[in-house]
Every structure is written in structure tokens, then in C-alpha cells.
Amino acid sequence: QILTILASDDLGENWFKLSEVWKADLVAGDERLVTPRLSLLSDGRLAVVCDHNDYGYFHEDQPFGNWIWWSEDDGKTWSDPTVMEVPGFEPDRITECSNGQLLIATHLMRGDSQEFALILSGSDDGGETWRVISTVAHDGYYRYCEGALVHLQDGGIACIMRENHSAGFTCRVAFSEDGGTTWSETSCLPFALHR
């Protein structure tokens, strides 16, 4: 697998290969790259986050499996990966709060319920270190996954989540008015989509 950055300099009319972020040689035993996400931060840095081999980082008691790469030259070159202190897998892109805090959503399997929980993690130092801030959603029934954070005009945050039972449940949403520390109960959305 080759994690590749594509770019366009004509508003999306044409695209070209800009750079390669990382390579995974599965035959040689490298873990597969899963769900890479690209973010642009206000300081001009680009970040790519990606998890590895869902099955190895699936449960809450397994090690961290989300990696991050940084670029400070508009994606032309990339740092070596570092492991983020972010539990779970299939991370969302990094979003940035008005106070500079970085947020990222992931999901993981909780041992007590054997069901998914949507987790919010954050960084107060530009992505150097990360900590779990809150559980966005977990009730032991809905299989919350692939959370996407949306910063709202009123200062709140919405987290849109896929429901992973593949049984006709619609997507769910929860809201936070305190930067992601606490969350509302989830409610139904009028669509059922994969990321």
C-alpha cells in the first residue's frame, strides 16, 4: 500500500500525484493502512492520521494503533509516523477549535458491553500529546462508529456517527456545548450512510 497525496492547482479540474506519505509492504509483514484522513491546521501544517490493522487495535484494552504524519511544506514532504495516544480505530480527520485545541473522534469496542463506543480525544499542544476527553456515545445497543466532528457557528460541536449494525438503522448525532466534555443523548438523522 502507498499512502499518496493527490493535488490540483486548477480547482479540481485536473489532479496529479504530489507526494507519498508512507508505504506498507504487507508481504513483508507491515500492518495495512486503514482510513487515512487529511487535515489542514491554522498554522499551515498538514496532518495525515491513519489506523493500522483494525483487529489489533479494536478493543479498549489493546494498544494504540493510530499514526500521524506531519507536513510543513504544503504536503510535498512528510515526517516519519508517530503513534498517537488515541485509543480505537478508524479516526476522523483532526479538527481545530477556536482556542487552538485539536480534536479527533475514534471508536472502539467496550469490554463490558461488547459494543462500540464513540470516543473524543484532544491535544492542547499542537498534536504533540493526546488525551481522551470524553465518550461521545455508548449505550450498549447502537453500534456507534466513524464519528465526524462538525464545529457549529454557535460554538457548539456536532458529532455525526454511522450505526454499524447494517440492519437499517439511520446515522445518529450528538451535540456538545462545552468543547466536547459532555454530550447530549444521540438522536436519529434522516439518512444512513457509510463514511
Side-chain angles (χ1 to χ4, degrees), residues 1 3 24 31-39 47-69 81-97 101-123 127 129-152 156-195:
Q1 293 179 299
L3 186 52
E31 292 183 306
R32 64 192 179 104
L33 304 169
V34 185
T35 64
R37 305 286 285 177
L38 177 66
S39 302
V48 168
V49 294
C50 185
D51 79 273
H52 292 74
N53 180 22
D54 289 353
Y55 301 108
Y57 311 101
F58 189 82
H59 291 272
E60 63 183 340
D61 59 353
Q62 290 178 309
F64 300 124
N66 296 301
W67 286 13
I68 189 167
W69 295 260
T82 56
V83 178
M84 302 171 73
E85 298 165 343
V86 172
F89 64 109
E90 294 188 2
D92 186 28
R93 65 188 174 91
I94 295 171
T95 64
E96 189 170 5
C97 300
Q101 184 181 46
L102 304 180
L103 300 176
I104 190 167
T106 56
H107 62 280
L108 52 72
M109 183 69 73
R110 283 270 165 84
D112 58 352
S113 65
Q114 287 299 293
E115 200 49 89
F116 283 160
L118 209 296
I119 304 298
L120 180 70
S121 297
S123 173
T129 61
W130 295 84
R131 63 181 173 82
V132 173
I133 295 174
S134 61
T135 297
V136 176
H138 174 255
D139 56 24
Y141 178 73
Y142 289 109
R143 191 166 290 166
Y144 301 109
C145 72
E146 296 178 3
L149 300 175
V150 180
H151 293 268
L152 306 176
I157 302 172
C159 184
I160 300 168
M161 299 161 271
R162 183 165 73 85
E163 207 293 329
N164 199 38
H165 275 103
S166 299
F169 291 115
T170 63
C171 292
R172 311 284 296 182
V173 64
F175 296 93
S176 175
E177 297 178 357
D178 58 9
T181 302
T182 61
W183 292 87
S184 69
E185 294 294 321
T186 66
S187 56
C188 294
L189 289 168
F191 52 80
L193 303 171
H194 279 238
R195 179 181 285 172

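Just so you know, residue 1 is the first one in the sequence shown, and it goes up from there. The analysis underlying the following values was restricted to heavy atoms, covering all of them including side chains, and did not include hydrogens, waters or symmetry mates.
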> For residues Y57 and L108, determine if any side-chain heavy atom of one lies less than 4.5 Å from a side-chain heavy atom of the other.
no
> What I'd like to find out is whether the side chain of L118 reaches to under 4.5 Å of the side chain of R162, using heavy atoms alone.
no
> When you compare the side chain of R110 with that of T135, does any pair of heavy atoms fall below 4.5 Å?
yes
> Determine the minimum heavy-atom distance between Q101 and G179, stating which atoms define it.
OE1-O, 4.3 Å
> Using side-chain heavy atoms (C-beta onward) and a distance below 4.5 Å, is V173 in contact with S187?
yes
> Are H52 and L33 packed together at the side-chain level, in the sense that at least one heavy-atom pair is separated by less than 4.5 angstrom?
yes
> Taking all heavy atoms of G127 and all of L102, pick out the closest pair and write down the distance.
N-CD1, 3.6 Å
> Got a second to check how far W130's CH2 is from I68's CD1, nearest 0.5 Å?
5.5 Å
> Keeping the roles fixed (side chain from S176, backbone from I157), state whether a donor-acceptor pair exists under 3.5 Å.
no
> Are Y144 and R172 close enough that some pair of their side-chain heavy atoms sits under 4.5 Å apart?
yes
> Roughly how far, to the nearest 0.5 Å, is the CH2 atom of W67 from the SG atom of C50?
9.0 Å
> I want to check something: taking the side chain as every heavy atom from C-beta on, are R93 and T95 in contact at a cut-off of under 4.5 Å?
yes
> Write down the atom of G180, the atom of I133, and the distance for their closest heavy-atom approach.
O-CG2, 3.6 Å
> Considering all heavy atoms of both residues, which atom of L149 and which atom of I104 are nearest to each other, and what is their separation?
CD1-N, 4.2 Å
> Between D51 and P91, what is the shortest heavy-atom contact and its length?
OD1-CD, 3.6 Å
> Are the side chain of N164 and the backbone of C145 linked by a donor-acceptor contact shorter than 3.5 Å?
no
> How many angstroms lie between CD in E185 and CZ in F175, if you round to the nearest 0.5 Å?
13.0 Å
> Would you compute the distance between atom OG1 of T170 and atom OH of Y142 and round it to the nearest 0.5 angstrom?
7.5 Å
> Write down the atom of D92, the atom of G147, and the distance for their closest heavy-atom approach.
CB-O, 3.1 Å
> Under a 4.0 Å threshold between the charged nitrogen and the carboxylate oxygen, would R143 count as salt-bridged to E115?
yes
> How long is the span from the OG atom in S39 to the CG atom in L103, to the nearest 0.5 Å?
11.0 Å
> Determine the interplanar angle of the F89 and F116 rings, folded into 0 to 90°, and report it as parallel if under 30°, tilted if 30 to 60°, perpendicular if over 60°.
perpendicular
> Just say parallel, tilted or perpendicular for the rings of Y141 and F169, cut-offs at 30° and 60°.
perpendicular
> Nearest 0.5 Å, please: how far is CD in E85 from OG in S121?
10.0 Å
> Just by modelled atom types, is the G111 backbone N or O under 3.5 Å from a matching donor or acceptor in the E60 side chain?
yes
> Do the side chains of D112 and H138 get nearer than 4.5 Å, heavy atoms only?
yes
